[in-house]
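This report refers to the structure that appears directly beneath it.
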Amino acid sequence: MNNHNGNDRTEFVFSGFGGQGVMFVGQLLAYAAMDAGFNVTWIPSYGPEMRGGTAHCTTIVSRKPIGSPMSPRPHVAVVLNLPSFTRYEPLVREGGLLVVNSALVSLTSHRQDMRTLDIPATTIAENLGSVRAANMVLLGAALTAQPALPLAAAHSALEAHLPPQHRSLLALNHAALDAGAAVVLERL
Amino acid sequence: MVKELLKGNVAIAEAAVRAGCRAYFGYPITPQTELLEYLSSRMIALGRVFLQAESEVAAINMVYGAACTGARVMTSSSSPGFSLMQEGLSYIAASDLPCVVVDVMRGGPGLGNILPSQGDYFQVTRSAGHGDYHPIVLAPATVQEAIDMTVLAFDLADHYRHLVILALDGLIGQMMEPAELPEWQADPPTPDWAVTGAAHRAPNRITSMHLRADESEAYNQHIQRRLEHIRAAEQRSIEMYTDDAELLVIGFGSAGRIAASAVEMAREDGLNVGLFRPQTLYPFPSDRLAELAEQVGACLVVEMNAGQMLDDVRLAVSGRAPVEFFGRMGGAIPLPEEILDTIEMLCWSLHVVE
């Protein structure tokens, strides 16, 4: 039987509290993938779980047309808070990547069949100027550890698609992407 | 034009604006609310009509009134709200009025849930209201198709003076995908049947009431003749790998696109499997399916319901090939892998029989 996913399709889940920019970071990745010529879908949690305090979204980046936009077993899960860690840590696909905001999540994964990156994203973002950029720190780390897209594509997408009311945060977001990438590169 | 990253509900709303929708009446319900929310500012900014009604019953009757003026009008809802509109839909259909209704289907029956479902196939295709008629029903599987079919829906509605339903599910409504918006359409001229104030002409009369049996039967025959034209001219479908398919997988909307992934996987594994995706649910693309049924060993229908389009497939296939079914219900979304399992089992049994 073939491996039907190969390297031409990567499924990302981003999960955290409302206000942590989970939806936006997933959309930014979708914009980056679209601009780089990939097929892409983005879908938010809108079912009963969205009433429970965590928000999550799924972004699928693929060379081929995308069937289901859902991802029951993501290749990459980026978790910004403890309930998200509890939910997605067991679901990451074998050989996948779990990126944990270790500033807010005290647990760490003991799974040996995937990679885990504990990144104190909220602290890093706070030092850069605002805790709200923690989402970009984690995206920078995720794309460095699992380069489904070059990090430059995320930088370009920020320039092209950050909404006008948030343009003042452009420099902060660029710096946060780079800071997340730097943490991963230092550990290599 | 360039591709933008668009959410299904918002894409349909903007496509309707560009297709010349002059008035929208609706009531919020998940998972279609973004459509109404988007239009609440967009229509006002353009000087067009947006009205959030007090209920779906009111909204559809406002659509009825506005459609009488010959303007392009629309409403949208989701399953329980759509049920509330049924009386009005039947009146609109029986008044020969063009209008577009979007149903973003959710899990049911009952209040159910807000997750994606195709459980209202019977409801939208069989009549969408009481009496002997069918709306034209379009079923997009991507955000791009949702845009294209919104424009098509207005054109078909005007062309046939007929009710057109855009039937999708919460996945297509909530998902963002790269897609291209249509060009702005010029406003069509006001039709000569429109009720616009009868200055300097005889009054036009629009009604759905025919009290005498002979009048009413004649009117019904008129509707049936129109449906015959629609069945002859408007069947639409998409195919993948049908040339040498031994097994034909059939699905519409979200189930169709998920089935497409399963068919791709089966092809990678060397199985001769094809896909048939109806784009019109009414008229159902029976003519092409009947042709394909002659050349395949079996059909597999995949739906997000208990097997509703299955009936139309069986009617079209009409015993030419066995028809099997795989479905998920109540907001559950099929996985490509589980469809592939069924495909493998059916391919295996086809070869065993040989």
Side-chain angles (χ1 to χ4, degrees), chain A residues 1-6 8-9 11-12 14 23-52 55-74 91 93 153 156-157 160-163, chain B residues 2-9 30-34 104 106-107 113-116 141-144 170-179 240 251 254-271 275 302 304 328 331-341 344:
Chain A
M1 192 68 44
N2 289 325
N3 172 6
H4 293 294
N5 286 296
D8 51 11
R9 176 187 172 104
E11 303 173 4
F12 293 81
F14 299 91
M23 297 297 170
F24 179 69
V25 69
Q27 283 179 11
L28 185 80
L29 176 61
Y31 279 118
M34 176 179 77
D35 293 347
F38 285 86
N39 292 299
V40 64
T41 56
W42 174 92
I43 192 161
S45 50
Y46 75 94
E49 69 274 14
M50 74 181 281
R51 270 81 178 178
H56 67 264
C57 66
T58 301
T59 303
I60 300 180
V61 178
S62 175
R63 294 272 178 206
K64 292 181 185 167
I66 299 166
S68 175
M70 312 297 283
S71 178
R73 300 290 311 272
L91 294 180
R93 206 177 284 219
S156 306
H161 304 289
L162 195 70
Chain B
V2 289
K3 285 198 170 179
E4 300 170 53
L5 191 64
L6 293 167
K7 180 175 250 212
N9 284 333
T30 308
Q32 69 78 47
T33 299
E34 295 86 358
V104 186
R106 60 186 244 181
N113 58 43
I114 60 179
L115 297 165
T142 64
V143 172
Q144 185 64 60
L171 273 188
I172 312 286
Q174 291 296 320
M175 180 171 51
M176 288 177 100
E177 276 188 312
M240 237 171 73
S254 288
R257 70 181 277 160
I258 297 168
S261 296
V263 166
E264 290 284 3
M265 292 172 172
R267 282 277 162 179
E268 284 174 28
D269 294 339
L271 301 172
L275 180 83
V302 178
M304 284 151 62
R328 299 294 305 269
I333 301 161
L335 296 173
E337 289 80 7
E338 58 190 359
I339 301 172
L340 180 64
D341 285 346
E344 284 170 349

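Labels below follow one simple rule: chain letters A, B, ... track the order of the sequence lines, proteins then strands, and each chain is numbered from 1.
Of all the heavy atoms in A:Gly67 and B:Ser261, the pair that sits closest is CA-OG, 3.0 Å. Smallest separation of non-hydrogen atoms from A:Met34 and B:Glu4: SD-C, 3.7 Å.
Salt bridge annotation for B:Glu268-A:Lys64: present, with a cationic side-chain nitrogen under 4.0 angstrom from a carboxylate oxygen.
Of the options B:Glu177, B:Gln174, B:Lys7, a side chain to side chain contact (heavy atoms under 4.5 Å, CB included) to A:Trp42 is made by B:Lys7 and by none of the others. Of the candidates A:Thr58, A:Ile66, A:Ile43, A:Ile43 is the only one forming a side chain to side chain contact (heavy atoms under 4.5 Å, CB included) with B:Met175.
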Checklist entry - Step by step, would you call B:Val143 with A:Thr41 a side chain to side chain contact (heavy atoms under 4.5 Å, CB included)? => result CA-CA 10 Å; B:Val143 172; A:Thr41 56; over 6 Å; no
Checklist entry - Are B:Leu171 and A:Met70 close enough, and set up right, to give a side chain to side chain contact (heavy atoms under 4.5 Å, CB included), and what steps lead you there? => result CA-CA 9 Å; B:Leu171 273 188; A:Met70 312 297 283; 3.6 Å; yes
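The candidate from B:Pro178, B:Gly8, B:Pro116 with the greatest count of non-hydrogen atom pairs under 4.5 Å with chain A is B:Pro178. Counting heavy-atom pairs closer than 4.5 Å to chain A, the top-ranked of the candidates B:Leu335, B:Leu5, B:Ile258, B:Ile333 is B:Leu5.
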